[in-house]
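On a predicted model such as this, the values are computed, not experimentally measured, just so you know.
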Amino acid sequence: MEFTKMHGAGNDYVYVDARAMPEHDWGQLSQAISDRHFGVGSDGLILVMDSDVADLKMRMFNVDGSEGEMCGNGIRCFAKYAIERGIVPRSVGEVTIDTMAGVRTVVPRYDGSEINAARVSMGKPRFAPSDIPVNLDPAISLNRQTIINFRLFLTFVSMGNPHAVTFIDQPVEEFPLHNIGPLVERHPIFPKRVNFEVVNIRDDGNLDARVWERGSGETMACGTGACAIGVASRLLGHTGDRVAVHLPGGTLTIDWDGTDEVYLEGPAGRGF
């Protein structure tokens, strides 16, 4: 099986052109190929497939074999992969990609002839408990919930996949993410589990963050997570329409005017 390793700000995936391949147990393959000791090593598997509604279809599988609705870092690299492989022509100004969260549009950024970044229209954030999904009493505030006896104040955002964002005063490096992350991800109030983001406010244009991804654990970066962070920060009045989210693997830039689509921009790199 031919594959390519790619990453967006250190959030790495194995890419396979599955357009002419028979159906497979992709979840099992993702578990095997993602293993960093006995496989290729990655945060998951991304498939390139045909679509009836867009240029191409993207399917994304996590380390544990579960399928994710959307991947903000993965989709930027997906567009780079499709253009550099000649699957879509290099002359296109944008690539439309069918995902489980809907059709997303990616605009590649070139450094000479090389695509080194991309900007993605990520859709509108959603906040209704049924859209996250999160099981809450409607009388309880969406923005503040105490769980796991750790007194976490969470803001819930759906970017096509579920996110729970918490803002903390200490540096994010000091937060016990590997202890608390799995408990938040699998807390009973989240019927489909959740991605968990820990954020420290550097200033009104910069945020430091770490992410515990549903099905994969801590990753170097998370595109949808950065979007959820930007949205939550603006909602709570910490930042304005544009913010840089600094993650262990690099920086992602989020634009959201408070009403319309969220835009994500960040690097797209090839591993091998």
Side-chain angles (χ1 to χ4, degrees), residues 8-11 70-73 119-129 131-134 136 140-148 150-177 180-181 183-185 187 189-190 194-214 218-267:
N11 191 198
M70 177 56 182
C71 179
N73 289 320
R119 181 175 171 86
V120 190
S121 56
M122 296 288 288
K124 293 184 178 181
R126 301 197 301 271
F127 308 105
D131 289 336
I132 304 300
V134 57
L136 294 178
I140 301 174
S141 166
L142 265 184
N143 288 337
R144 298 195 176 273
Q145 287 296 300
T146 303
I147 62 174
I148 315 172
F150 200 79
R151 197 163 180 77
L152 295 174
F153 296 96
L154 300 176
T155 299
F156 304 123
V157 181
S158 172
M159 290 304 309
N161 58 353
H163 294 271
V165 183
T166 190
F167 291 85
I168 60 174
D169 293 329
Q170 78 253 46
V172 293
E173 295 82 6
E174 297 178 5
F175 187 86
L177 186 61
I180 303 301
L183 301 177
V184 176
E185 176 191 353
H187 193 278
I189 65 171
F190 302 114
V194 77
N195 299 285
F196 175 50
E197 289 83 26
V198 178
V199 189
N200 176 260
I201 303 164
R202 187 186 296 184
D203 56 46
D204 61 5
N206 295 276
L207 303 171
D208 295 318
R210 290 169 66 197
V211 181
W212 184 269
E213 286 202 52
R214 177 185 59 166
E218 184 174 12
T219 55
M220 297 287 284
C222 177
T224 57
C227 292
I229 289 166
V231 167
S233 185
R234 192 190 187 286
L235 283 175
L236 296 174
H238 300 316
T239 52
D241 293 357
R242 185 177 178 85
V243 66
V245 180
H246 303 278
L247 296 138
T251 299
L252 302 175
T253 303
I254 309 301
D255 290 291
W256 185 54
D257 65 5
T259 59
D260 206 353
E261 289 198 24
V262 178
Y263 290 89
L264 162 69
E265 187 159 354

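- For the atom pair CD of Glu218 and CD of Glu213, the computed distance is 10.0 Å after rounding to the nearest 0.5 Å.
- Within the model, atoms OG1 of Thr251 and CD of Glu265 stand 12.0 Å from one another, a figure rounded to the nearest 0.5 Å.
- Between Val262 and Ser121 there is no side-chain heavy-atom pair separated by less than 4.5 Å.
- Taking the side chain as every heavy atom from C-beta outward, Pro162 and Ile132 approach each other to under 4.5 Å.
- What you find for Ile168 and Asn200 is that their closest heavy atoms are O-ND2, 3.2 Å.
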Checklist line | Intermediate values then yes/no, side chain to side chain contact (heavy atoms under 4.5 Å, CB included), Met220 and Asn73 | finding: CA-CA 11 Å; Met220 297 287 284; Asn73 289 320; over 6 Å; no
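- Phe127 is not listed as a side-chain neighbour of Thr155, based on a closest heavy-atom distance of 4.5 Å or more.
- Side-chain atoms of Thr219 come within 3.5 Å of backbone atoms of Ala221 as a donor-acceptor pair (strictly under, hydrogens ignored).
- Counting only residues at least two apart or in different chains, salt bridge (charged side-chain N to carboxylate O under 4.0 Å, His left out) contacts with residues 165-177 are absent.
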Checklist line | Verdict with supporting geometry, Phe175 and Gln170, side chain to side chain contact (heavy atoms under 4.5 Å, CB included) | finding: CA-CA 8 Å; Phe175 187 86; Gln170 78 253 46; 4.3 Å; yes
Return a table of donor-acceptor pairs under 3.5 angstrom between the side chains of residues 225-239 and protein atoms on other chains or two or more places apart.
unit_1 : atom_1 : unit_2 : atom_2 : d
Ser233 : OG     : Thr239 : OG1    : 2.7
Arg234 : NE     : Asp241 : OD1    : 2.7
Arg234 : NE     : Trp256 : O      : 3.4
Arg234 : NH2    : Asp241 : OD1    : 2.9
Arg234 : NH2    : Asp257 : O      : 3.2

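- Residues Phe156 and Val194 have side chains not in contact (no heavy-atom distance under 4.5 Å, counting atoms from C-beta outward).
- Considering CG of Asp260 and NZ of Lys124, their distance stands at 5.5 Å, rounded to 0.5 Å.
- Using a distance-only test at 3.5 Å, with no hydrogens or angles considered, a donor-acceptor pair links the side chain of Asn195 to the main chain of Arg214.
- Under the salt bridge (Lys or Arg N to Asp or Glu O under 4.0 Å) criterion, Asp208 pairs with Arg202, not counting sequence neighbours.
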Notebook entry, point to check: Would Met70 and Met159 satisfy side chain to side chain contact (heavy atoms under 4.5 Å, CB included), going step by step from the backbone distance to the final call?
Noted result: CA-CA 8 Å; Met70 177 56 182; Met159 290 304 309; over 6 Å; no
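- Side-chain contact between Ile180 and Leu152 is present, with at least one heavy-atom pair separated by less than 4.5 Å.
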